[in-house]
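Below is one structure; the comments refer to it alone.
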Amino acid sequence: MFLSIATTHRPATDLGFLLHKHPGRAHETELPFGKAYVFYPEVGQDRCEAALMLDIDPVGLVRGKGRGEGLLDQYVNDRPYAASSFLSVALARALRTAMAGTSRERPELAETAIPLEAVVTPLPARGGETLVRELFEPLGWAVDIEAVAGADGEASRYVTLRLQGTTRLRDLLNHLYVLIPVLDDDKHYWVGEDEVEKLMRRGEGWLESHPFRDLIVRRYLIHRKALARDALERLAPETRDEAIDPTERKVGAEDALEAPLRLNDERMAAVADALRASGAKAIADLGCGEGKLLQRLVRERWIESLIGVDASARDLEWAAKRLKLHLAGGPPEGRVTLLHGSVTYRDRRWESVDAAALVEVIEHLDADRLPALQKVVFAAARPKTVIVTTPNAEYNALFPNLASGAFRHPDHRFEWTRAQFRAWAEGVASAHGYAVAYDDIGKRDETLGAPTQMAVFTRIG
């Protein structure tokens, strides 16, 4: 198995300082299963390339594992030759300091995004080319995939993966460390609780917001349910109650506050009315959760197709149950599609819709993620209509059981006043060629406004 990393940052030979491996010689690292070699096929001021190659002892891998049935399988397999968890271990051993992002000679460069290119081969791709792209493209990588021919020239499940992008070297190494065994969907060693800690450390800063976070966690932890549940709870505390059927869940703080107002019903009705008025036939519910809006919209005959998008795989499962997808009495095949994804990463699967709705979604994002959402929805997809609803923070003073300054839901990252919401909406509309109109949802207080505020963006031209 082979991994190469190249840069065109000038001087490109600074790559040696980042990797802590001098370009002038080969470097050898002893591993429990063989040896790792780091060497430089190309060294120049304009381009420098380092390669990591593994020499695995296939006999040593099975020595002492006993005799009898299954012994042939231990010898005849792809483990010593394909990029897998062996390569991840080699990265952690041979390039430990680089993965930590430290460089004594070039500390500022270690924190700088530089042009990088990586090649991994042969890489098992259980899930095919589609999964490879779904894992790496949301992280900003340009992905090129070449199939590796099998016996007699037939197609195999192995590929040569080439990544190109501009980022910190440590980010590249940590992406590879986690995602290579995810694509292989296997590991060569026992996976225990310490593996969760490794995942948290290597996935810091990117895994929690990855649209395929749940799949990555499950595969990295080789489908050990207890470990995966622990990891997901740490990455996204709001997932702790996702295993509970929505009909059996305790009423949350936000629902309890708003229930006397029947605000959720009014919110869904207002969004449905705005969508009807827009003339949209194909609609995406971004952050659809358990499918409450979709359940309302699927009864509308004027809608031709619905797409629900959510980062929680568990919520999508409940949405499918709520909508009776693929069951008798459910919508016709193809009318409703549920997609696992994030509103902060571009997803071409829903970009052709006429309208997009973000109902009580933006307040669940950290403020520094809003520009990414704006880029995905308003710059890339550009539907004719975008509807956004969010709580009105001023109205919170009228909830008797809500402490001053508190949010309606513990997962809210912010709650905006009417002026703050309008300032954000006007900025988005101006930057991306939309007009925006506002409406109140719920009983309106003369001084503090309505409990929910809604903006309807209409594309100009």
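The model shown is predicted, which means the values in this text are computed figures rather than measured ones.
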Inset, instruction - Is it possible for you to check whether Arg408 lies under 6.0 Å from the centre of the six-membered ring of Phe399, through NZ or CZ, and within 45° of that ring's axis? - result: no
Inset, instruction - Tell me yes or no: between the side chains of Arg47 and Thr8, is some donor less than 3.5 Å from an acceptor? - result: no
Inset, instruction - Locate the shortest heavy-atom distance separating Leu139 from His210; write the atom from each residue and the value. - result: CD2-CD2, 3.8 Å
Legend entry - Non-hydrogen side-chain atoms of Leu316 and Cys288 separated by less than 4.5 Å: yes
Legend entry - Nearest heavy-atom neighbours spanning Gly101 and Glu111: O-OE2, 3.8 Å
Legend entry - Ionic contact status for Glu208 with Arg213, cut-off 4.0 Å: no
Legend entry - Smallest separation among heavy atoms of Leu286 and Val361, with atom names: O-CG2, 3.3 Å
Legend entry - Any side-chain heavy-atom pair of Val178 and Ile216 under 4.5 Å: yes
Inset, instruction - Test side-chain contact (heavy atoms from CB on, under 4.5 Å) on Ile387 and Phe457 and set out the steps. - result: CA-CA 6 Å; Ile387 298 173; Phe457 297 83; over 6 Å; no
Legend entry - Polar contact flag, side-chain donor to acceptor under 3.5 angstrom, Gln374-Trp424: yes
Inset, instruction - Using distance alone, with no hydrogens and no angle criterion, decide if Ser209 and Tyr345 have a side-chain donor and acceptor under 3.5 Å apart. - result: yes
Legend entry - Electrostatic pair Asp354-Lys384, nearest N-O below 4.0 angstrom: no
Inset, instruction - Kindly compute the distance separating CD (Glu204) from CG (Asp171), expressed to the nearest 0.5 Å. - result: 10.5 Å
Legend entry - Closest approach of Ile303 to Arg335 (non-hydrogen atoms, all atoms of both residues): O-NH2, 2.8 Å
Inset, instruction - Examine distances only and state if a side-chain atom of Arg202 and a backbone atom of Asn174 form a donor-acceptor pair shorter than 3.5 Å. - result: no
Inset, instruction - Check step by step if side-chain hydrogen bond (donor to acceptor under 3.5 Å, both in side chains) holds for Gln453 and Asp440. - result: CA-CA 5 Å; Gln453 45 193 338; Asp440 292 328; over 6 Å; no
Inset, instruction - Identify whether NZ of Lys or CZ of Arg in Arg459 sits under 6.0 Å from the centre of the six-membered ring of Tyr434 and within 45° of that ring's axis. - result: no
Inset, instruction - Kindly indicate whether the side chain of Gln295, heavy atoms from C-beta on, has any atom under 4.5 Å from the side chain of Met268. - result: no
Inset, instruction - Please say which of Val217, Leu135, Leu131, Leu221 ends up in a side-chain contact (heavy atoms from CB on, under 4.5 Å) with Val182. - result: Leu135
Inset, instruction - Quick one: pull up CZ in Arg162 and CD in Glu146 and give me the separation to the nearest 0.5 Å. - result: 8.0 Å
Legend entry - Separation between OG of Ser85 and CG of Asp185, rounded to the nearest 0.5 Å: 11.5 Å
Inset, instruction - Show the numbers, then the answer: is there a side-chain contact (heavy atoms from CB on, under 4.5 Å) between Leu91 and Leu3? - result: CA-CA 10 Å; Leu91 279 170; Leu3 163 67; 3.6 Å; yes
Legend entry - Glu197 with Arg234: basic N within carboxylate O range, under 4.0 Å: yes
Legend entry - Side-chain ion pair, Arg382 and Glu351, N-O less than 4.0 Å: no
Inset, instruction - Please say whether the positively charged group of Arg218, taken as NZ for Lys or CZ for Arg, lies over the ring of Phe212, i.e. under 6.0 angstrom from the six-membered ring centre and within 45 degrees of the axis. - result: no
Legend entry - Flag, side chain of Thr385 to backbone of Ala355, donor-acceptor distance under 3.5 Å: no
Inset, instruction - In sequence, state the C-alpha distance, the side-chain angles, and the governing distance for Leu116 and Gln164, and then conclude on side-chain contact (heavy atoms from CB on, under 4.5 Å). - result: CA-CA 6 Å; Leu116 291 169; Gln164 290 182 303; over 6 Å; no
Legend entry - Phe2 vs Leu123 side-chain heavy atoms within contact, under 4.5 Å: no
Inset, instruction - Run the numbers on Leu294 and Ile307 for side-chain contact (heavy atoms from CB on, under 4.5 Å), then give the verdict. - result: CA-CA 8 Å; Leu294 294 172; Ile307 298 175; over 6 Å; no
Legend entry - Sidechain N-carboxylate O distance under 4.0 Å for Arg413, Glu363: no
Legend entry - Side-chain heavy atoms of His340 within contact of Asp310, under 4.5 Å: no
Inset, instruction - Examine distances only and state if a side-chain atom of Asp445 and a backbone atom of Thr447 form a donor-acceptor pair shorter than 3.5 Å. - result: yes
Legend entry - Check: Arg369/Thr344 side-chain N/O donor and acceptor closer than 3.5 Å: yes
Legend entry - Glu193 atom CD, over 12 foreign heavy atoms within 6.0 Å: no
Legend entry - Exercise: identify the closest heavy-atom pair between Ala319 and Leu338: CB-CD1, 4.0 Å
Inset, instruction - Could you tell me whether the side chain of Thr112 and the main chain of Glu108 form a donor-acceptor pair under 3.5 Å? - result: yes
Inset, instruction - Would you indicate whether the side-chain heavy atoms of Val353 and Ile283 approach each other to under 4.5 Å? - result: no
Inset, instruction - Check whether any side-chain heavy atom of Tyr395 sits under 4.5 Å from a side-chain heavy atom of Leu402, and report yes or no. - result: no
Inset, instruction - Measure the CD-CG distance between Glu195 and Asp230 for me, rounded to the nearest 0.5 Å. - result: 13.0 Å
Legend entry - Spacing of Ile114 atom CD1 and Leu18 atom CG [to the nearest 0.5 Å]: 5.5 Å
Inset, instruction - Return yes if some donor-acceptor pair links the side-chain N/O of His20 with the main-chain N/O of Thr102 below 3.5 Å, else return no. - result: yes
Legend entry - Over all atoms of both residues, closest heavy-atom pair of Trp350 and Ala381: CZ3-CB, 3.5 Å
Legend entry - Sidechain-backbone polar pair: Thr389 side chain, Glu360 backbone, donor-acceptor under 3.5 Å: yes
Inset, instruction - Would you please say whether a donor-acceptor pair under 3.5 Å links the side chains of Glu49 and Ser4? - result: yes
Legend entry - Student check: side-chain heavy atoms of Ile5 and Leu173 closer than 4.5 Å: yes
Inset, instruction - Hey, could you give me the CD/CD distance between Glu394 and Gln420, rounded to the nearest 0.5 Å? - result: 8.5 Å
Legend entry - Pairing of Arg133 and Glu137 as salt bridge, 4.0 angstrom limit: yes
